[in-house]
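Below is one structure, written out as structure tokens, with a few remarks after it.
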Amino acid sequence: MAEQATILLVEDNAINCEMLARRLTRAGFRVVTAADGEQALRLMASEAPALVLMDMNLPVLDGWSACRAARQDPRLKGIPIIALTAHAMETDRQSALAAGCDDYATKPIDFPGLLAKIQRLLPA
Amino acid sequence: MSLRRRLTLSLCTILVLFSINVGTHFWGSYARQESMLAYRSSVTAAQLSTDAAQLLENQRQQILVLETLRETTGDMLDGDELADAEADIASIDSKLTELGALTSEVTRPQYEKLQQASRYLLDSWLAFYRNFNDPDFDSDIDDPLPFVETLEHLRQLEQRQAFIAAQRSTIIDRTIALTDRITVIGFVATIFLTALLGFYLLRYTKRSLKRLKRGTERIGMGDLDYRIADFDDRGELGDLAKAFNDMSDKMRRAIEDVRRAKDDADDANAAKSRFLANVSHELRTPLNAIIGYSEMLQDELEDPGEVDREQFRDDLEKIVRSGRQLLALINDILDLSKIETGKMTLHLETFAAGDILQQVCDAMTPMLRERNNQLYRPDWSQLPPLYADATRFRQIFLNLLSNACKFTRDGEVHLTAACYQKDGADWLRCTVRDTGIGMDAAQQARIFDAFVQAENAISANYGGTGLGLAICREYCTLMGGHISVRSTPGAGSEFTVELPVKVRESAPASA
């Protein structure tokens, strides 16, 4: 496991945000949280996280728009993004991947599965 | 012209022509018969004339011989010979009488002259025979004049009769030729007219039938807008064309209805799919918290060392809260489903509307704070007691106020309540107005439909199953009231709920 890799968690639901942040911290990551898409883009630039966990249903700027914006920004396009969404349809997964996400996890989150996805995407 | 009238007319025409033909035929036959009769009578007359002339000649010869004998030998005439002579003369007389019977008005003068002459001749001959034995009888019998005159008159009568017969025969021949011509012309005309009428009838009817056939084919191919236009046939075929057009209209309407029904069903189906996706999304959000916290607490229990009891209770509290949210959501879905299947019943009771509204406002406090909204509410003390379903009443305003908070940030939410009279009954009007994002007209038109949210993007941003307003409307309807909305995009929305102060037991069922 990478030493204190920083993960940016973007989630507007306070309870879910806190829960996931605590579990990721327990798993050995440094966690930064954002509540909307715009804040997420700002933090991606300032914190340079090793990976982003992005909820798609966000106020102000939704997850899909934030992903597309990050992929067009030369400074941010290298940061892997995992979409987190409560939308469980196949079309939702494809729309997330089409927006530029590297992977996709459905709520309720299978935490060991999510950790595996994070490990796979973290820079060696 | 109708098909039946056309056929009748054709038949009548043919019958009239046929009658003319038959009539002409009888006329011709009659003329032929007349001609035959005239011919026969002229032959008879000629025969009689010849016979009479022959007899006259013989008698004359006999009388001349007898005269010579009488003068030279002085022979007597016995009784038998006299009787024979009288019979011969009577025979001549009867021949002439027969000839008279054949005489027409035209030949009457000639006959009368003959009769006069013959009467004199025959009388003189009879006198000769009767006085033959009288030596004093001086006969002028050898005077040829009466005999010649009689023969001359006979000949004239014969000529006259022959001339008349020839004249009549010419007229009759002309008539026969005419009737023959008429018959032939009538026959040809009948055939020609029959053929013409048949052809015309066939062509005219065929043209109409062809248009009907084309119309049927077009309709059959799905061109429901096709109409048989300017159909000049007014009979049965015209009626058929009209019935055909009517049928096309009805069919098009029916198919439009079916299409609309199908579109509606497709829309409802799509809305239901969207709703299911939204429900799935909404159920997963609290479930994520419940499962996530539970797993995390399990992990923490596995950790060595003391458990932070305060933190542990907080976390359990979050699990419970998420569980309750999940339950509320499930109840919402079940409620709507009950209303939709007509199984929702009201529990009517008398309660203070102000108390319930106060409780709702209190429950809104955390949400108002979260979005930094200010709530303005009226003085409830003037509100009369309400006879209605308190639970549904509370739910309506919980939904409306939480919506107002959800779609407004750093703004205001106004709640007002007032009584008024309508149709002799007391009514309560409550409004919930916000300064939030608002809606355009199209969104307002659909906002109360079940399974519909104003826009998918809005549900993405603001959450919700799109059930709250549908449930509000159903509850208002159940209690005999109604709900309406006025909104300006970007400036906010105003929801108005109007309910009778005393809800009737037999309130109308859900729409």
Side-chain angles (χ1 to χ4, degrees), chain A residues 9-29 31 33 35-38 53-67 82-96 99 104-115, chain B residues 273-274 276-303 308 311-312 314-326 329 366-367 369-371 406-409 436-437 453 455-465:
Chain A
L9 172 62
V10 191
E11 167 69 84
D12 68 325
N13 182 294
I15 295 179
N16 279 322
C17 184
E18 188 199 329
M19 180 274 291
L20 206 53
R22 273 170 63 184
R23 296 192 83 179
L24 288 169
T25 309
R26 277 176 57 82
F29 295 103
V31 180
T33 62
D36 64 62
E38 272 182 13
L53 292 176
M54 176 99 73
D55 182 20
M56 300 312 261
N57 298 294
L58 294 169
V60 188
L61 183 67
D62 67 40
W64 293 277
S65 307
C67 276
I82 299 178
L84 298 182
T85 161
H87 288 293
M89 309 282 175
E90 174 60 21
T91 49
D92 300 320
R93 199 182 74 87
Q94 280 165 359
S95 80
Y104 178 92
T106 307
K107 293 179 190 176
I109 302 290
D110 164 25
F111 196 67
L114 179 65
L115 283 182
Chain B
S273 295
R274 274 199 305 278
L276 271 179
N278 282 339
V279 164
S280 162
H281 178 266
E282 289 305 302
L283 293 176
R284 281 163 188 277
T285 304
L287 262 179
N288 188 45
I290 293 168
I291 294 173
Y293 270 105
S294 304
E295 282 180 355
M296 188 177 75
L297 291 182
Q298 278 175 336
D299 289 350
E300 281 177 6
L301 279 178
E302 300 296 319
D303 284 351
D308 179 349
Q311 178 76 55
F312 207 87
D314 259 17
D315 294 346
L316 282 177
E317 172 64 30
K318 281 163 192 156
I319 294 175
V320 170
R321 206 158 71 214
S322 296
R324 290 210 173 110
Q325 192 196 334
L326 195 58
L329 187 66
M367 227 175 148
R369 217 178 9 243
E370 191 185 321
R371 308 237 169 195
K406 202 196 288 184
F407 294 111
T408 310
R409 192 178 278 276
I437 60 171
Q453 254 185 341
E455 219 175 86
N456 278 340
I458 289 183
S459 75
N461 277 331
Y462 296 92
T465 55

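In what follows, every chain begins at residue 1, and chains take the letters A, B, ... in the order their sequences are listed. Excluded from the calculations below are hydrogen atoms, water molecules and symmetry mates; all remaining heavy atoms, backbone and side chain alike, are included.
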Engaged part of B/D299 at the chain A interface, taking heavy atoms whose separation is under 4.5 Å = both
query = Which atoms of B/E317 come close to chain A, meaning under 4.5 Å heavy atom to heavy atom: side chain ones, backbone ones, both, or neither?
reply = neither
request  = May I ask you to list the residues in residues 284-294 of chain B that approach chain A closer than 4.5 angstrom, counting heavy atoms only, ordered by number?
outcome  = B/R284, B/T285, B/L287, B/N288, B/A289, B/I291, B/G292, B/Y293
inquiry  = Among A/R22, A/R23, A/R26, exactly one meets salt bridge (charged side-chain N to carboxylate O under 4.0 Å, His left out) together with B/E295. Which residue is that?
reply    = A/R23
note = d(A/N16 CG, B/K318 NZ) to nearest 0.5 Å is 11.0 Å
message = So, taking the atom named OG in B/S280 and the one named CG in A/D92, what distance separates them when rounded to the nearest 0.5 Å?
response = 8.5 Å
